[in-house]
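One structure is given here, and the rest of the page talks about it.
For reference, positions follow the sequence shown, starting with 1.
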Amino acid sequence: MALQQHKDANLRYQQQVDNSRTYVLPFIEQAMPLVPGMRVMEIGCGEGGVLTPLLEKGCQCVGVDLDPIRIELANNFLSSYVQSGQLRLISKNIYDVDFLGEFKNSFDLIILKDAIEHIPDQSKIIGYLKNLLSPNGQVYFGFPPWYMPHGGHQQICNSKVLSMLPYIHLLPRPLYRALLKAGGEHSSTIQELMEIKDTGISIERFEKIVRQQGFTVTRKKHYLINPIYKYKFGLQPRTQWGPVTHLPFVRNFVTTCVYYLIK
């Protein structure tokens, strides 16, 4: 049962804007004020909805995404900011030499919203971000811990049953693939879900990488109910119970989303 926002770019953009304005920006602003002229980059910007409230605050923004179709959509949604020069939208790999040459030590804030769990070699990219940050810059991450009920993104399945089954992504690879195939999922969906199985990240692994790469956590927030579930399932967001956030490994199974700022 693929959700409507998976097919409707306009709806997806509007949900991104509301989520960013209501949850992401307030989280960031408790650690660093967002002021006009601040330089912000989002990696995996999609349709640009997360950046929209930052643009409204007067930030100078760059959105990067490997998918040119989503960059084209962002250009349509945010054409006035692109035309004014306040926003640049780029379909490029941030590891490209010319990208680093242009943006070395440029950004006061880098955003990865629902992105890090899709990226191979997460240690490499988190370390690499130091090259793009200004001296006092920070990085925001928002992601679902891998072991949570739908940490495998199985909600993108066309099968209503498979899309709602919790924890099936934790099955051994052959069993998981066979289940998806038996459920009638398209080969492209199966490939995407298997790739996510390779790149999903736990809270412990993320925090370990952050320490290893010389960053410190400046703020974090764990959710029992992910804010985006308001749009997907009609559920009201709820922060995680305090004691659970301190239970290593166990917290991953019952925490559907985490926010982090690091510097």
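Between S80 and Q86 the shortest side-chain heavy-atom distance does not fall below 4.5 Å. Contact of the E207 side chain with the I203 side chain is registered, since non-hydrogen atoms from C-beta on lie closer than 4.5 Å. Contact annotation: the side chain of H153 never approaches that of E192 to less than 4.5 Å [non-hydrogen atoms, C-beta and beyond]. Within the 4.5 Å cutoff, the side chain of N252 has heavy atoms near those of the S202 side chain. The side-chain heavy atoms of K221 and V258, taken from C-beta on, include no pair separated by under 4.5 Å. When side chains are defined from C-beta on, L100 counts as touching L132, because their heavy atoms get closer than 4.5 Å. At a threshold of 4.5 Å between non-hydrogen side-chain atoms, the residues N19 and Q14 do not count as touching. Proximity of L180 to T189: side-chain heavy atoms (C-beta onward) are nowhere separated by under 4.5 Å.
Paired with C45 under the rule side chain to side chain contact (heavy atoms under 4.5 Å, CB included), one option of L78, V62, I111, I71 passes, and it is I71.
Under a 3.5 Å cut-off, the side chain of D8 and the backbone N or O of L11 do form a donor-acceptor pair. In this structure, the side chain of Q60 does not engage the main chain of L87 through any donor-acceptor pair within 3.5 Å. Counting only distance, with no hydrogens or angles, the side chain of N105 and the backbone of S134 share no donor-acceptor pair below 3.5 Å. No donor-acceptor distance shorter than 3.5 angstrom exists from the side chain of Q138 to the backbone of L109, with no hydrogens or angles considered. No donor-acceptor pair closer than 3.5 Å links the side chain of E117 to the backbone N or O of P145. Side-chain atoms of K197 come within 3.5 Å of backbone N or O of L171 as a donor-acceptor pair. Side-chain atoms of E185 come within 3.5 Å of backbone N or O of N158 as a donor-acceptor pair. In this structure, the side chain of N131 engages the main chain of Y128 through a donor-acceptor pair within 3.5 Å. S20 places a side-chain N or O within 3.5 Å of a backbone atom of V50 that can act as its donor or acceptor partner. Looking only at distances, no side-chain donor or acceptor of S123 sits under 3.5 Å from a matching main-chain atom of I209.
The two residues H118 and T199 have their closest heavy-atom pair at CA-OG1, 3.6 Å. Considering all non-hydrogen atoms of both residues, I262 and T218 come closest at N-OG1, 4.1 Å.
Cation-pi geometry between K130 and F215 is satisfied (NZ or CZ under 6.0 Å from the ring centre, within 45° of the ring normal).
Atom OH of Y147 is surrounded by 12 or fewer heavy atoms from other residues, nucleotides or ligands within 6.0 Å. Atom CD of E29 sits in a crowded spot, with more than 12 heavy atoms from other residues, nucleotides or ligands closer than 6.0 Å. Applying the 6.0 Å contact sphere to CD1 of I69 captures no more than 12 heavy atoms from other residues, nucleotides or ligands. Around atom CZ of R21, more than 12 heavy atoms belonging to other residues, nucleotides or ligands sit under 6.0 Å away. The neighbour count for K181 NZ, taken as heavy atoms of other residues, nucleotides or ligands under 6.0 Å away, does not exceed 12.
Between D65 and K92 there is no salt bridge, since no side-chain nitrogen of the basic residue lies less than 4.0 Å from a carboxylate oxygen of the acidic one. A salt bridge is absent between E42 and R70; no separation between the charged side-chain nitrogens and carboxylate oxygens falls under 4.0 Å.
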Could you go through the side-chain contact (heavy atoms from CB on, under 4.5 Å) check for D108 and V40 one step at a time?
CA-CA 6 Å; D108 305 304; V40 179; 6.0 Å; no

Please determine whether side-chain contact (heavy atoms from CB on, under 4.5 Å) holds for the pair L162 and L179, giving the CA-CA distance in whole Å, both sets of side-chain angles, and the decisive distance to 0.1 Å.
CA-CA 9 Å; L162 290 178; L179 179 62; 3.8 Å; yes

Pair Q122, R205 - check side-chain contact (heavy atoms from CB on, under 4.5 Å), show working.
CA-CA 10 Å; Q122 290 137 347; R205 185 163 181 271; 2.3 Å; yes

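Between H222 and Y260, a ring centre-to-centre spacing shorter than 6.0 Å is recorded. The ring of F141 has its center closer than 6.0 angstrom to the ring center of F206. A distance of 6.0 Å or more separates the ring centres of F143 and Y259. Ring to ring, F107 and F103 are close: their centroids are under 6.0 angstrom apart.
Using a 30° and 60° split on the angle between ring planes, H169 and Y167 fall in the parallel class, below 30°.
Between N76 and E47, the side chains place no donor N or O within less than 3.5 Å of an acceptor N or O (distance only, hydrogens not considered). If you check the side chains of Y23 and D18, you find no donor sitting under 3.5 Å from an acceptor.
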Name each donor-acceptor pair under 3.5 Å that joins a side chain in residues 235-246 to protein atoms two or more places apart or in another chain, with its distance.
unit_1	atom_1	unit_2	atom_2	d
Q240	NE2	V254	O	2.8
Q240	NE2	T255	OG1	3.0
T245	OG1	G242	O	2.6

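Applying the side chain to side chain donor-acceptor pair (under 3.5 Å) criterion to Q30, with sequence neighbours excluded, gives R219.
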